[in-house]
Amino acid sequence: MKKNKISKNWVNKQRRDIYVRQSKVDGYRARSAYKLIEIDEKFKIFKGGMCVIDIGAAPGSWTQYASKIVKNGKIISIDLKEMEKVKNNIQIKGDFTSPLIQDQIKNYLNKGSDVVMSDMAVNTTGIKNIDSIQTGELCKEAMIFSKDVLLEEGSFISKIFMGGSFNEIVALGKKLFKEVKVFKPKSSRKDSKESFIICKNLR
Ligand SMILES: C[S@@+](CC[C@H](N)C(=O)[O-])C[C@H]1O[C@@H](n2cnc3c(N)ncnc32)[C@H](O)[C@@H]1O
């Protein structure tokens with residue numbers, strides 16, 4: 001398909017999408033907020049006062065939602081891109097896979113973090129298997145990092161793609177956490193291989 005035809009299709013899809021329209025009403029920067037809201041409704045993740053690490057946070061709709069719920073808690077948001085400020089929010093611009101950035105995150109923690117969440121995704125190549133494997137690598141890195149920073153009863157949430165390294169990621173989740181679930185929110189596009197892994201209680 002030609003590039004301008006793809007972008008026209010994308011614009012039309014966005015116009016028809018109820019979550020895009022709702023995000024404008026609710027003041028969220030991206031429709032992704034509704035995926036996190038559905039995850040929270042089902043798995044009861046967030047509470048007031050919590051410390052949350054949001055990896056791959058820009059433009060910031062997950063941080064916005066977390067900020068509403070944790071109120072006087074703390075949210076540390078990391079992204080390669082600049083992000084507009086959100087209340088109660090510490091921002092780190094850089095590559096999460098860099099040990100320097102991971103040390104910077106750890107320096108902001110007191111006892112540890114209640115939640116680590118990652119919606120990181122690489123710039124897609126359009127080749128579904130490659131996209132899924134690369135995003136899978138980011139998910140694994142975030143999961144291993146979460147083992148170091150989460151409090152014992154903490155939660156880890158991450159975007160994953162079906163196929164690629166899916167089974168490997170679920171197996172790693174089960175090795176590190178007592179509870180592991182995979183969930184596709186209604187607001188995640190049906191034609192996308194995206195899903196989310198939710199892990200609770202470190203082993
Ligand atoms: C789908 S968007 C996140 C949307 C966000 N959850 C929201 O609700 O606004 C994925 C983000 O992951 C970021 N990202 C990808 N690789 C990254 C890396 N290695 N380190 C930090 N951020 C990364 C991208 O820059 C992009 O902003």
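Just so you know, ligand 1 is whichever comes first in the structure, and atom 1 is the first atom listed for that ligand.
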Under 3.5 Å, N/O to N/O: give me all the pairs between ligand 1 and the protein, one per line with atom names and distance.
| unit_1 | atom_1 | unit_2 | atom_2 | d |
| --- | --- | --- | --- | --- |
| ligand 1 | 6 (N) | Asp119 | OD2 | 2.8 |
| ligand 1 | 8 (O) | Ser61 | N | 3.4 |
| ligand 1 | 8 (O) | Ser61 | OG | 2.5 |
| ligand 1 | 8 (O) | Trp62 | N | 3.1 |
| ligand 1 | 9 (O) | Ala57 | O | 3.4 |
| ligand 1 | 9 (O) | Pro59 | N | 3.3 |
| ligand 1 | 9 (O) | Gly60 | N | 2.9 |
| ligand 1 | 9 (O) | Ser61 | N | 3.0 |
| ligand 1 | 19 (N) | Asp95 | OD1 | 2.8 |
| ligand 1 | 20 (N) | Phe96 | N | 3.0 |
| ligand 1 | 22 (N) | Leu80 | N | 3.4 |
| ligand 1 | 25 (O) | Asp79 | OD1 | 2.6 |
| ligand 1 | 27 (O) | Ala58 | O | 3.2 |
| ligand 1 | 27 (O) | Asp79 | OD1 | 3.2 |
| ligand 1 | 27 (O) | Asp79 | OD2 | 2.8 |

| Gln64 versus Glu84, side-chain donor and acceptor atoms under 3.5 Å | no
May I have the list of side-chain donor-acceptor pairs in residues 47-62 shorter than 3.5 Å, sequence neighbours left out?
| unit_1 | atom_1 | unit_2 | atom_2 | d |
| --- | --- | --- | --- | --- |
| Asp54 | OD2 | Thr63 | N | 3.3 |
| Asp54 | OD2 | Thr63 | OG1 | 2.6 |
| Ser61 | OG | Ala33 | N | 3.1 |
| Trp62 | NE1 | Ser32 | O | 3.1 |

| side-chain hydrogen bond (donor to acceptor under 3.5 Å, both in side chains) partners of Asp26, counting only residues at least two apart | Gln22, Tyr34
| query | Do any N or O atoms from the side chain of Lys181 and from the backbone of Phe196 form a donor-acceptor pair under 3.5 angstrom? | reply | no
If you look only at distance, which donor and acceptor atoms sit under 3.5 Å apart when one is on a side chain in residues 154-173 and the other is two or more places apart or in another chain?
| unit_1 | atom_1 | unit_2 | atom_2 | d |
| --- | --- | --- | --- | --- |
| Lys159 | NZ | Asp119 | OD1 | 3.0 |
| Lys159 | NZ | Glu194 | OE2 | 2.6 |
| Glu168 | OE2 | Lys140 | NZ | 2.5 |

| said: If we ignore hydrogens and angles and just use 3.5 Å, is the side chain of Asn89 paired with the main-chain N or O of Ser67 as donor and acceptor? | reply: no
